[in-house]
Amino acid sequence: ALSLPVGQAQDKAAPTPQIERGRELFTNAKKGVACKTCHSLGGVGTAIGPNLTNMASNGSVHSIVMTMHMTMTEHVVRVKTNVSSFPAILKQKYGDRVEYYDLSQIPPVMRMLYNNQIVSTERDEKWRHPPAMANYTPQELADVISFLKFAATGSQHEIAAADVDPSW
């Protein structure tokens, strides 16, 4: 018998209606900022924020909802210069320059700064992860999580809205 690599076998699974609804929310959210603005998964989006594959592969429904509702993340810092302050995600450092994605703009804009322009960088306590402010319904959260799990693992498991408890 011919065996296919896991990724190829998963690619043959057709997305369910829930997965399609979740993909639509990921790419074209009518509430807040679409996930794809800062995240890439399943060949969709922009890799500014953390890669979601590990979280989607290994995270429980509860942990994914908690992550979506975080008001502070380990990746977002506040960059202070002599003339401004902005929430940012580090893209890369090289030599005497640093590249940050400026999260004060949608979509985020890449900014290159010289080390001597940066007064400080510290954990940002003001920036809020967009899904935390979007007021998604339990069904919308279930749909997005279904898409995340499908894109990361090929899972077609239905996520029930009842499994997404908005009272956490």
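- Here the shortest heavy-atom pairing between S104 and F86 reads OG-CB, 4.3 Å.
- Between R23 and E20, at least one side-chain nitrogen of the basic residue sits less than 4.0 Å from a carboxylate oxygen of the acidic one, meeting the salt-bridge criterion.
- Rounding to the nearest 0.5 angstrom, the gap separating the CZ atom in F147 from the CG atom in L25 is 10.5 Å.
- Counting only heavy atoms from C-beta outward, the side chains of F26 and L148 approach each other to under 4.5 Å.
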For residues 105-120, run the donor-acceptor check on the side chains, cut-off 3.5 Å, and write out each pair with its distance to 0.1 Å, sequence neighbours left out.
unit_1: Q105; atom_1: NE2; unit_2: D102; atom_2: OD2; d: 3.4
unit_1: R111; atom_1: NH1; unit_2: D102; atom_2: OD2; d: 3.1
unit_1: Q117; atom_1: OE1; unit_2: Y114; atom_2: N; d: 2.6

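- Expressed to the nearest 0.5 Å, how far OG of S57 lies from CG of L52 amounts to 10.0 Å.
- Of the inter-residue distances, the one linking Y101 atom OH with H75 atom NE2 reads 14.5 Å to the nearest 0.5 angstrom.
- Applying the side-chain hydrogen bond (donor to acceptor under 3.5 Å, both in side chains) definition to pairs two or more places apart or across chains, those involving residues 29-43 are K31-E140.
- Proximity of Y136 to V164: side-chain heavy atoms (C-beta onward) are nowhere separated by under 4.5 Å.
- Interatomic distance, I64 CD1 to I159 CD1, rounded to the nearest 0.5 Å: 7.5 Å.
- The line from OG1 of T67 to CE of M70 is 6.0 Å long, rounded to the nearest 0.5 Å.
- One distance of note links CG of L41 with OG1 of T27; it measures 12.0 Å at 0.5 Å rounding.
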